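Keep in mind that what you see is a predicted model, and the values were worked out from it rather than measured. The figures that follow rest on heavy atoms only: side chains count, while hydrogens, waters and symmetry mates do not. Atoms within a ligand are numbered from 1 in the order they appear, just like the ligands themselves.
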Amino acid sequence: MIPVTKSFLPPISEYMAQIQSAYANEWLTNRGELVLELESKLRNYLALETSDLLITTNGTIPLQIALKLLGEGGEVITTPFSYVATTAAIVWENCTPVFVDIHPEFLTIDESKIEAAITKKTTCILATHVFGNPCHVEAIEAIAKKHHLKVIYDAAHCFGVSYKGKSIFEYGDVSTCSFHATKLFHTGEGGAIFCKEKQLLDKVYYSHNFGHDGPLAFHGLGINGKISELQAAMGLAVLPYMGPILEAREKIVSFYDKHLDFSQIKKIKIREDTLWNYSYYPILFKHEEALLGAQQRLNALDIFPRRYFYPSLNSLPYVKPITCAVSQDIAARVLCLPLYVGLEKQSQEKIASIINNG
Ligand SMILES: *Cc1c(COP(=O)(O)O)cnc(C)c1O
């Protein structure tokens, strides 16, 4: 079976060596040595200049914490083209999602439509750098400044992406990432929250540990967003392989770029000045029937691309219905092709040929 993605597994001996150190410390969670070591290595790997990070149990809880602290139960301007967690976190935190349609080529929120959606109740903008493609961060920052709004980026897909020479995680008031097993860099389950302002990061820190301020005092309301030593061990074992991981993915992306017939399908446009991470290979068909046909032909050969992202989130059953014509159109005809370390050349050839010969 060829799935859309496969988790990168470091040599088990290297993972065991990390686990052994957790055993030796007899310490499994609550920010032990491995968590602190992973944070420090990530700070270096990502070359963070102005932001700092806190690693968390997954990539959804940091969205919830950011929305709890900055959303204030108000309206949150957001993208309809993302994974469901982006919208679910907004609703879960008792804020109201206000969808703004996306750009037809970048697939990120259409910044030119944001201002029209702002009301007195708007508290923040939560946008996704979808497929690792940066939003128009300058325009969004200018709008936020003008209207006194906070900016949160769901950067779940962005491990290793930089924009204009710095980590994409450094943009926005808060930026989040997912280290889920299906993501580029992973800890099995895990994630991170990035923040420039020390005071806000302190609040995030308390929020992710029940509000504890020492064993007997509480700083404020909190929840459990901690990552365990066992998960950090996986991260420490995967991180040294980021070079080879990116290299292998780049090769597959170049193969698809070279061998797919782009008279029938289209690629998305990556924003200029982006150092991209080859996180997904989305292709746009002319219409949904063409997508379904290709999907069926691939499935028949045990190849399973995924419809990331479908449906457009403005059509979820728990949000106020609103039309986002571009996002709905794109969601109906976008398909992500298999892309992972170890995807064989023969399989890449087969996938390209099945798509080309529709
Ligand atoms: C994966 C993902 C998340 C959720 O991350 P988890 O670590 O699975 O909680 C959030 N947003 C986007 C865009 C994602 O792709």
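- Ring to ring, His212 and Tyr206 are not that close: their centroids are 6.0 angstrom or more apart.
- At least one heavy atom of Gly190 sits under 4.0 Å from some atom of ligand 1.
- Any N or O atom pair closer than 3.5 Å counts here, and Ser178 shares at least one such pair with ligand 1.
- Residues Ile114 and Leu70 do not share a hydrophobic cluster, defined by chaining ILVMFWY side chains whose heavy atoms lie under 4.5 Å apart.
- Put simply, the side chain of Asn133 gets close to the backbone of Lys269: a donor and an acceptor are under 3.5 Å apart.
- Ligand-side atoms of ligand 1 in range of Ser82: 13 (C), range being under 4.0 angstrom from any heavy atom.
- By the 3.5 Å distance cut-off applied to N or O atoms, Glu189 is not counted among the residues near ligand 1.
- Ring pair Phe185/Phe179 is perpendicular by interplanar angle, where above 60° counts as perpendicular and below 30° as parallel.
- Relative to the six-membered ring of Tyr171, Lys166 meets both conditions, a distance below 6.0 Å and an angle of at most 45° to the axis.
- Numbered from 1 in the order shown, with element, the atoms of ligand 1 that lie under 4.0 Å from a heavy atom of Asn58 read 7 (O), 9 (O).
- Considering backbone and side-chain N/O of His180, none are found under 3.5 Å from N/O of ligand 1.
- When the shell of 6.0 Å around CD of Gln295 is examined, it contains more than 12 heavy atoms from other residues, nucleotides or ligands.
- Using a 4.0 Å cut-off between heavy atoms, Asp154 contacts ligand 1 through its side chain alone, with no backbone atom that close.
- Listed by atom number, the atoms of ligand 1 under 4.0 Å from Gly59 heavy atoms are 5 (O), 6 (P), 7 (O), 9 (O).
- Scanning the protein for heavy atoms near atom 15 (O) of ligand 1, the closest one is His157 NE2, 2.7 Å.
- In Lys183, the part holding a heavy atom less than 4.0 Å from any atom of ligand 1 is the side chain.
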task = Carefully, step by step, assess Glu349 and Lys345 under the rule salt bridge (Lys or Arg N to Asp or Glu O under 4.0 Å).
result = CA-CA 6 Å; Glu349 283 165 0; Lys345 194 56 152 278; 5.9 Å; no
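- In this structure, His157 and Phe309 have parallel ring planes: the angle between them is below the 30° cut-off, well short of the 60° mark.
- Counting only heavy atoms of the protein, atom 4 (C) of ligand 1 lies nearest to Thr60 OG1, 3.4 Å.
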